[in-house]
Amino acid sequence: MTTEIETRERLAPGPASSSVLWEYAPSLESTDHVKIASRYNLFIGGKFVEPHSKKWFPTLNPATEEHLSEIAEADAEDVDRAVKEARRAYDKVWRKISASERAKYIFRIARLIQEKSRALAVAETMNGGKPIKESRDVDIPLAAAHFFYYAGWADKLEYAFPNRNVAPVGVAGQIIPWNFPLLMAAWKIAPALAAGNTVVLKPAETTSITALMLADILQEADLPPGVVNILTGAGATGAALVSHDGVDKIAFTGSTDVGKRIQRALAGTEKKLTLELGGKAPNIVFEDAPIDQAVEGIINGIYFNQGHVCCAGSRLFVQESVAEPVIRKLRDRIGTLRVGNPLDKNTDVGAINSRAQLEKIQELVASGVEEGAEMFQSSCSLPARGYWFAPTFFTGVSQSSRISQEEIFGPVLSVLTFRTPEEALEKANNTPYGLSAGIWTEKGSRILKMASKLRAGVIWANTYNKFDPTSPFGGYKESGFGREGGRHGLGPYVVLS
Ligand code: NAI
Ligand code: MG
């Protein structure tokens with residue numbers, strides 16, 4: 001049984017200390033049950049069709065740089081085809097069938113994701129570089145949970161918006177990033193379908209495979225052709241979707257740069273827009289916090305998914321009186337993170353998603369060193385091939401430095417200190433972003449007070465990076481606007497009267 005975790009272990013040589021890294025025998029998830037096609041076409045009108053451009057681009061495994069498949073590149077003609085199919089499906093089928101019938105399809109999609117969860121998890125890890133324990137235990141189960149959750153709303157929209165008439169928006173264009181490929185597809189598609197919209201989805205160019213496996217699932221679920229169309233390609237494909245006249249709504253998750261560009265492109269049009277952009281979240285540790293728990297939370301907040309998380313706790317604020325033990329424990333703990341083959345069930349930190357992202361991380365880390373911050377890096381050995389970055393944190397970071405202002409989107413933490421809660425608040429809010437925050441303290445009243453003054457859409461207390469389909473997610477300021485998840489997540493996909 002491949003799900004069985006190998007527990008044979010031996011003590012690594014070297015002096016015993018709190019930071020001994022136990023070496024485990026490899027426990028690799030098998031890949032032979034996953035069928036990755038040698039080439040993928042576009043999913044338009046319920047069928048896989050060749051791209052008008054007749055162009056395909058390679059996609060690889062970032063942990064090994066091995067070629068995995070070829071992905072079709074959709075051009076403006078393909079976007080036009082897909083939007084027309086989505087419109088036809090909207091007018092002729094999806095808006096006409098009953099809400100409970102819509103729910104039936106969404107429930108089917110949820111169940112099929114569960115049935116195929118093992119293959120989806122392995123494909124997600126192979127194409128994205130994230131550890132199998134995350135794709136298996138976080139990404140794929142949450143993707144299924146989002147479809148289940150919104151399937152339940154489909155025939156209850158009048159309860160979501162009491163005393164209002166609820167109508168769908170129409171055709172939604174959805175553009176998603178590479179950090180949680182299938183999960184972001186689920187976040188976008190599930191509420192859109194539940195509210196009666198049809199969809200043209202564009203996955204990120206480095207991680208298209210699970211979205212195309214989802215296309216197979218949509219066929220198997222008998223979803224009426226055209227209700228969801230999946231167009232692969234890079235920025236130009238996304239831009240063509242944004243500017244297509246037949247699209248009523250754009251939902252985007254990705255960089256603040258592209259988000260701003262999309263906002264400009266849509267200014268003065270009737271199209272609705274939601275943006276979920278970057279973050280530079282403060283994770284605030286008070287002196288009364290349970291320190292060991294907080295250290296685990298800090299680790300999970302920034303090294304989870306290689307820090308490829310828009311809500312990553314990338315700025316640690318620790319109260320001065322406990323800074324020394326917290327930093328010491330952090331240093332010990334990053335030394336015990338297992339970095340390596342993402343298909344190994346023991347791996348904690350996998351591969352960086354792409355060469356471009358690795359270069360961005362390297363450049364920002366170099367700027368931190370140059371600006372005089374002190375760097376601590378795990379001395380783990382990194383695989384020779386693929387894109388890797390060792391878990392890192394900086395102390396002595398100034399608030400104005402690039403590493404405390406700019407989103408690094410990698411396993412890199414900036415540590416700052418504070419004396420009073422007021423100072424913590426002021427420093428935490430000193431950012432153009434406002435997506436999420438963490439608070440660690442025993443005092444309930446302090447949690448509530450801080451939460452009411454932090455300018456962040458999502459706030460965790462004594463935990464970090466917990467997600468649930470019932471809970472709305474979204475930001476303030478340059479982190480974007482609109483909410484995904486929960487009842488709020490239906491809002492962008494309905495017109496109320
Ligand atoms: P990106 O914003 O370029 O890519 C996200 C998606 O937008 C992809 O599907 C991409 O093909 C598409 N896209 C790119 N240009 C477009 C355009 N002009 N019009 C429409 N769609 C377009 O993000 P990128 O370059 O991959 O990453 C850069 C940085 O963005 C990261 O280092 C990170 O800081 C941030 N980021 C934030 C994410 C989040 O979850 N909020 C996710 C991914 C990246
Ligand atoms: Mg980009």
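Indexing begins at 1, ligand by ligand and atom by atom, following the structure's order. Quick caveat: nothing in here was measured; it's all calculated off a predicted structure. Worth knowing before you read on, the calculation uses all heavy atoms, side chains too, and leaves out hydrogens, waters and symmetry mates.
Shortest contact from atom 42 (C) of ligand 1 to any protein heavy atom: Pro177 CB, 3.2 Å. With respect to atom 16 (C) of ligand 1, the closest heavy atom belonging to the protein is Val258 CG1, 3.4 Å. For atom 39 (C) of ligand 1, the closest non-hydrogen atom on the protein side is Cys310 CB, 3.5 Å. Protein heavy atom in closest approach to atom 41 (N) of ligand 1: Leu277 O, 2.8 Å. Closest protein heavy atom to atom 30 (O) of ligand 1: Ser255 CB, 3.0 Å. Summary of contacts: the protein heavy atom closest to atom 35 (C) of ligand 1 is Glu407 OE1, 3.4 Å. For atom 18 (N) of ligand 1, the closest non-hydrogen atom on the protein side is Arg261 NH1, 3.5 Å.
Judged purely by atom type and a 3.5 angstrom limit, Lys249 has no side-chain atom pairing as donor or acceptor with the backbone of Val494. Between the side chain of Ser53 and the backbone N or O of Pro51, no donor-acceptor pair lies under 3.5 Å. Between the side chain of Asn197 and the main chain of Pro168, no donor-acceptor pair closer than 3.5 Å is present.
A salt bridge is absent between Arg136 and Glu124: the closest approach of a Lys/Arg side-chain nitrogen to an acidic carboxylate oxygen does not fall below 4.0 angstrom. A salt bridge between Asp248 and Arg87 is present, with a side-chain N of the basic residue lying under 4.0 Å from a carboxylate O of the acidic one. A salt bridge does not link Glu134 with Lys130: every distance from a Lys NZ or Arg NE/NH1/NH2 to an Asp or Glu carboxylate oxygen is 4.0 Å or more. Taking the charged nitrogens against the carboxylate oxygens, Glu276 and Arg483 have no contact shorter than 4.0 Å, which rules out a salt bridge. A salt bridge is defined here as a Lys NZ or Arg NE, NH1 or NH2 lying under 4.0 Å from an Asp or Glu carboxylate O, and Glu220 with Lys116 meets this definition.
The backbone of Pro203, and not its side chain, has at least one atom closer than 4.0 Å to an atom of ligand 1 (non-hydrogen atoms only; backbone = N, CA, C, O). Contact annotation: for Ile176 versus ligand 1, heavy atoms closer than 4.0 Å belong to the backbone alone. When non-hydrogen atoms are compared, ligand 1 lies under 4.0 Å from the backbone of Ala239 as well as from its side chain. For Thr206, no heavy-atom contact with ligand 1 is shorter than 4.0 Å. Counting heavy atoms closer than 4.0 Å to ligand 1, residue Gln357 contributes side-chain atoms (C-beta onward) but none from N, CA, C or O.
When each atom of ligand 1 is checked for a heavy atom of Lys202 under 4.0 Å away, the hits are 9 (O), 10 (C), 11 (O). Residue-ligand proximity, Glu276 to ligand 1, at heavy-atom distances under 4.0 Å covers atoms 41 (N). In summary, the atoms of ligand 1 found under 4.0 Å from a heavy atom of Glu205, numbered by their order in the structure, are 8 (C), 10 (C), 11 (O). Near Lys360, meaning under 4.0 Å from any of its heavy atoms, are these atoms of ligand 1: 29 (C), 31 (C), 32 (O), 33 (C), 34 (O). Of all the atoms in ligand 1, the ones that sit under 4.0 Å from a non-hydrogen atom of Ile175 are 6 (C), 7 (O), 9 (O), 12 (C), 20 (C), 21 (N). Atoms of ligand 1 found under 4.0 Å from any heavy atom of Ala234, numbered from 1 in the order shown, are 11 (O).
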Please determine whether salt bridge (charged side-chain N to carboxylate O under 4.0 Å, His left out) holds for the pair Glu66 and Arg385, giving the CA-CA distance in whole Å, both sets of side-chain angles, and the decisive distance to 0.1 Å. CA-CA 9 Å; Glu66 268 162 357; Arg385 300 215 52 191; over 6 Å; no

side-chain hydrogen bond (donor to acceptor under 3.5 Å, both in side chains) for Asp257 and Ser255? Distances and angles first, verdict last. CA-CA 5 Å; Asp257 263 5; Ser255 63; 5.6 Å; no

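Put simply, atom 11 (O) of ligand 1 has protein non-hydrogen atoms near it, under 4.0 Å away.
Ring geometry for Tyr105 versus Trp94: interplanar angle of 30 to 60°, hence tilted. Taking the six-membered ring for Trp and thresholds of 30 and 60 degrees, Phe409 and His308 have nearly parallel ring planes, at less than 30 degrees apart.
Taking the six-membered ring wherever Trp is involved, the centroid distance between the rings of Trp187 and Phe180 does not fall below 6.0 Å.
Considering backbone and side-chain N/O atoms, Thr253 never comes within less than 3.5 Å of an N/O atom of ligand 1.
Checking Gly238, Gly235, Ala265, Gly278 against atom 13 (N) of ligand 1, the nearest heavy atom belongs to Gly235. Counting only non-hydrogen atoms, the option in Phe252, Trp178, Phe409, Phe180 that gets closest to atom 36 (N) of ligand 1 is Phe409.
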